[in-house]
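In what follows, chains are A, B, ... by sequence order, proteins preceding strands, each numbered from 1. Because the structure is a prediction, the values reported are computed rather than measured.
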Number of protein chains: 2
Amino acid sequence: MSLRHAILTLLATEPGSGYDIVQHFKQSLGYFWNAKHQQVYLELRRLSEEGWLDCQVEAQSDKPDRKVYTLTDSGMAELQRWLREPAAANKINDALLVKLYGGTLIEADNLRDELARHVDIHQQTLHSLREIEKLYLALDDAQKAQHRLPYLTLRRGILGEEAWLKWADEVAAEL
Amino acid sequence: MSLRHAILTLLATEPGSGYDIVQHFKQSLGYFWNAKHQQVYLELRRLSEEGWLDCQVEAQSDKPDRKVYTLTDSGMAELQRWLREPAAANKINDALLVKLYGGTLIEADNLRDELARHVDIHQQTLHSLREIEKLYLALDDAQKAQHRLPYLTLRRGILGEEAWLKWADEVAAEL
DNA sequence: CCTTGCATGTAACAGGTTACATGATTAT
DNA sequence: ATAATCATGTAACCTGTTACATGCAAGG
């Protein structure tokens, strides 16, 4: 479990609501972290109960109230403790590869369609990551320096998607 | 959940015990599927209860008894039904990227060490995948044709690890 | 009128991890 | 002696998903 620490990491940059965090996961950070809103709201409550977050309700005129969470000192201490701890290598469970592995048991057309669907998804992801990269590259040096590490995670997304699509080409040629 | 279908896929090629399946996950298939032995034994029991697997106890002289599971006709039907169903895109939760993202909050040395540790792991994985690839490439054409699809999943592992290491080079240069 | 976005949650369930448990054989 | 390999499991716990729930505002 590191959803709680992913949340603390995001809130270390700037305070935000559960909704904000979910939007981050859905948009720019989706290539390395995903969570449903239910899970996020649950963790936010727990993190507050443990004293790692402060919560302030922000009333809005035309939209529903927001609960804005801020990292506390002990929250920052916990985050740093976790950051220093070694991370386990990522566990991968890839259903598409299982399907390809067992692909001789079904029609080749089915497999080709499935691959094409996934190629579309990965191309779209790659495209949106490259758009974000453009924004970064247009920054001046001082701003670039500030977002150096998030940019490196973005590069992981880009290189990862490029490699995936290169692989898909190999597969398409064989199928 | 597709652990049950990953198991059915493996047993479609040849019957095996829970232990055999876990070994597959630990060794050659670890780059696309992972599961603990407890979970595998649990699923095997459930799959038998649903009539998708047959179980035969094989006594061994010097080693403990083995429960060898075989796919039934209805198990094969279920597997094919699942294989034809579209797979959701893979969900990624990568703690290392979260740590990199929040890396400004801790010492740079810590980050470099962590990266080096992961580079080691990925290099070892890539090495063992390449060893498996050599075995495939040495096969004659008929045998190659037989293992075409599993080989394509292996290529995914190799291209994925190569891309990961290429990214790690970029990161190391920046850190 | 209907859908999307904003914004938050509860409850039931499914899936996965950790701890504990057993016991023989083989290698260091 | 000690650890590793083979081989199977139970129980408690933690994490994540799905279904259900509310309610206003803006846009087509």
Side-chain angles (χ1 to χ4, degrees), chain A residues 1-8 10-11 15-27 30 32-50 53 55-69 82 87-95 98, chain B residues 1-8 10-11 15-27 30 32-50 53 55-69 82 87-95 98:
Chain A
M1 197 247 324
S2 356
L3 170 57
R4 52 199 321 142
H5 295 106
I7 291 173
L8 292 177
L10 282 183
L11 295 177
S17 67
Y19 192 85
D20 293 338
I21 291 166
V22 172
Q23 294 312 306
H24 271 116
F25 290 156
K26 275 192 195 162
Q27 291 155 22
F32 79 80
W33 206 270
N34 291 278
K36 313 266 177 190
H37 76 267
Q38 293 95 327
Q39 194 70 14
V40 170
Y41 288 125
L42 188 69
E43 287 298 339
L44 283 170
R45 201 185 65 200
R46 285 180 191 167
L47 290 166
S48 298
E49 280 166 7
E50 281 171 288
L53 295 179
C55 175
Q56 262 180 271
V57 178
E58 225 178 56
Q60 297 186 119
S61 51
D62 51 345
K63 292 177 202 166
D65 295 355
R66 287 157 50 83
K67 287 191 180 178
V68 178
Y69 292 89
W82 178 78
N90 229 27
K91 212 195 84 167
I92 298 171
N93 285 45
D94 190 331
V98 176
Chain B
M1 196 250 322
S2 358
L3 170 57
R4 52 196 322 144
H5 295 105
I7 291 173
L8 292 177
L10 281 184
L11 295 178
S17 68
Y19 192 87
D20 293 338
I21 291 165
V22 172
Q23 294 311 307
H24 272 117
F25 290 157
K26 277 193 195 163
Q27 291 156 19
F32 79 80
W33 206 269
N34 289 278
K36 312 268 175 188
H37 76 268
Q38 294 94 328
Q39 195 70 15
V40 171
Y41 288 126
L42 189 68
E43 288 299 338
L44 284 170
R45 202 188 61 200
R46 285 181 189 165
L47 290 166
S48 298
E49 280 165 9
E50 280 170 289
L53 296 180
C55 175
Q56 262 180 271
V57 179
E58 225 177 56
Q60 298 187 117
S61 50
D62 51 346
K63 293 176 201 169
D65 293 356
R66 287 156 51 83
K67 288 190 179 178
V68 178
Y69 292 89
W82 177 79
N90 228 27
K91 212 195 82 168
I92 298 170
N93 286 44
D94 190 330
V98 176

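- Here the P atom of nucleotide D/dT5 and the CG atom of B/D20 are 16 Å apart, to the nearest Å.
- Judged by closest nucleotide on DNA chain D, B/S17 is the one of B/N93 and B/S17 placed further toward the 5' end.
- Counting to the nearest Å, the P atom of C/dG15 and the NE2 atom of B/H5 are 10 Å from each other.
- Backbone-only contact: B/Q60 has heavy atoms under 4.0 Å from sugar-phosphate atoms and none from a base.
- Distances from the side chain of B/P64 to the nucleotides D/dG9, C/dA7, D/dA7 place D/dA7 closest.
- The distance from atom NZ of A/K26 to atom P of C/dT4 is 12 Å, rounded to the nearest whole Å.
- Within the 4.0 Å cut-off from OP1 or OP2 of C/dG16, at least one side-chain nitrogen or oxygen of B/Q39 is found.
- A distance-only check finds no donor-acceptor pair linking the side chain of B/D65 to the backbone of B/A59 [under 3.5 Å].
- For A/Y41, taking side-chain heavy atoms from C-beta onward, the closest of the listed nucleotides D/dG9, C/dT8, D/dG23 is C/dT8.
- Dashed line: the shortest gap from a side-chain N or O of B/K91 to OP1 or OP2 of D/dG16 is not under 4.0 Å.
- Map B/H37 and A/R45 each onto its nearest nucleotide of DNA chain C; the residue landing nearer the 5' end is A/R45.
- At least one side-chain heavy atom of A/V40 sits less than 4.5 Å from a side-chain heavy atom of A/F25.
- Comment: A/R46 engages A/E43 in a salt bridge, judged by a side-chain N to carboxylate O separation of less than 4.0 angstrom.
- Atom P of nucleotide D/dG9 and atom CG of B/L44 are separated by 8 Å, given to the nearest angstrom.
- Note: A/Y69 OH to A/L11 CG = 9.5 Å, rounded to the nearest 0.5 Å.
- Between the P atom of D/dT18 and the CD atom of A/Q38 lies a distance of 9 Å, rounded to the nearest Å.
- One atom, CD of B/Q23, and another, P of D/dT5, lie 9 Å apart when rounded to the nearest Å.
- A distance of 10.0 Å separates CG of B/N93 from CZ of A/F32, quoted to the nearest 0.5 Å.
- B/N34 places its CG atom 17 Å from the P atom of C/dG15, with the value rounded to the nearest Å.
- Comparing C/dT18, C/dT10, D/dT17 by their closest approach to the side chain of B/K36 singles out C/dT18.
- With D/dG16, C/dA7, C/dA19 as the candidates, the nucleotide lying closest to the side chain of A/L3 is D/dG16.
- Contact annotation: A/K63 does not reach the phosphate of D/dA26 (side-chain N/O to OP1 or OP2, under 4.0 Å).
- Picking from C/dG23, D/dG9, C/dT8 the nucleotide with the shortest atom distance to the side chain of B/Y69 gives D/dG9.
- Summarising the geometry, the separation between CZ on A/R66 and P on C/dC6 is reported as 11 Å, rounded to the nearest angstrom.
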